[in-house]
Asks: 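Just dropping this structure here.
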Amino acid sequence: MSADPSALLALAEPIAVEVADHLRASLTGAGPAVSSKSTPTDLVTELDTWAEAHITERILAARPDDAIQGEEGADVAGTSGVTWSVDPIDGTVNFVHGIPGFCVSIAARVDGRTVAAVVASPLHGEVFTATLGGGAFCNGTPIRCAAPASAARSVVATGFGYDPRRRTRQAEVVARVIGQIADIRRFGAAAVDLCWVACGRVDGYWEVGLNAWDHAAGALIAREAGATVTGLEAGTDPSERFTLAAPPEVWAELGAILVDAGAADV
Ligand code: LIP
């Protein structure tokens with residue numbers, strides 16, 4: 001089957017929107033059953049599990065030879081060369097608390113390169129999309145990252161891990177950084193953080209400890225919106241080790257501030 005990026009997005013977008021709408025509707029009833037994973041604060045709900053199973057079923061019904069990797073355990077081998085990276089609910093803690101900023105994040109990779117991406121954030125009423133070389137959009141409108149004058153004038157988002165000791169070290173980095181930038185924001189979902197770099201709501205985002213499904217879709221959307229999205233070094237891809245997204249005007253300056261503050265050592 002074709003691995004045309006537009007066709008892959010045309011498949012994924014309505015699936016993400018359908019699941020996001022279901023998640024929003026679920027907030028009006030009795031909350032989902034909630035359990036935890038790596039630590040007591042690393043939450044997972046029955047809807048995380050349902051969403052991943054539903055997304056997997058819908059994708060494989062259309063493209064049975066594709067591979068799928070998901071946060072909640074989906075691990076389907078494929079032969080088509082297309083691998084889907086799925087975070088069925090990115091920002092699960094936000095979802096459990098009814099805080100805007102949880103989202104459905106789906107990315108399609110061909111030979112290891114993300115070529116199509118959708119992030120649907122239901123309480124914001126926003127669907128971010130991108131294809132490789134095709135630009136980035138929010139609800140169908142083209143988006144571009146900001147152009148801050150300097151890191152000192154930049155509002156920067158970040159996130160924290162679930163391990164309390166690591167989270168404490170990460171907060172100590174924030175204390176060393178916050179006086180060198182305009183301000184910090186913590187929204188609770190990497191995919192939304194990356195999309196908000198893409199549309200210019202924040203001037204940068206960094207985090208350590210992300211999984212591929214956290215950043216795969218948002219990274220393409222931010223890159224297609226003109227942001228530089230890397231790991232620790234220029235030209236590298238985001239990784240568990242380090243993820244930094246920022247407009248080219250401030251990427252190097254912000255990266256240096258973060259490295260000097262020990263952001264890569266937590
Ligand atoms: C979340 C990430 C976020 C991070 C949270 C959490 P999850 O993913 O998207 O950036 O700061 O601690 O890891 O667990 O909600 O899918």
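Sequential numbering from 1 along the given sequence is applied to the chain's residues. Counting starts at 1 for both ligands and their atoms, following the listed order.
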Asks: Tell me yes or no: between the side chains of Asp66 and Ser80, is some donor less than 3.5 Å from an acceptor?
Replies: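 There is such a pair between these side chains.
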Asks: Under 3.5 Å, is there a donor-acceptor pair between the side chain of Arg167 and the main chain of Phe160?
Replies: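 No, the answer is negative, given that no donor and acceptor are paired below the 3.5 Å cut-off.
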Asks: Would you kindly say whether Asp48 and Thr45 are connected by a side-chain donor-acceptor distance under 3.5 Å?
Replies: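 Side-chain D/A pair, Asp48 to Thr45: present.
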Asks: Could Asp237 and Arg113 be called an ion pair, given the rule that one side-chain N must be under 4.0 Å from one carboxylate O?
Replies: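 No.
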Asks: Listing by chain and number, which residues have a heavy atom under 4.0 Å from ligand 1?
Replies: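 Protein residues near ligand 1 are Glu71, Asp87, Ile89, Asp90, Gly91, Thr92, Gly159, Phe160, Tyr162, Arg186, Gly188, Ala189, Ala190, Tyr205, Glu207, Leu210, Asp214.
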Asks: Can you list the residues that meet the salt bridge (charged side-chain N to carboxylate O under 4.0 Å, His left out) rule with Glu126, with sequence neighbours excluded?
Replies: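 Counting only residues at least two positions away or on another chain, Glu126 forms a salt bridge (charged side-chain N to carboxylate O under 4.0 Å, His left out) with Arg201.
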Asks: To the nearest 0.5 Å, what is the distance between OG1 (Thr243) and CH2 (Trp206)?
Replies: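 Rounded to the nearest 0.5 Å, the OG1-CH2 separation comes out at 12.5 Å.
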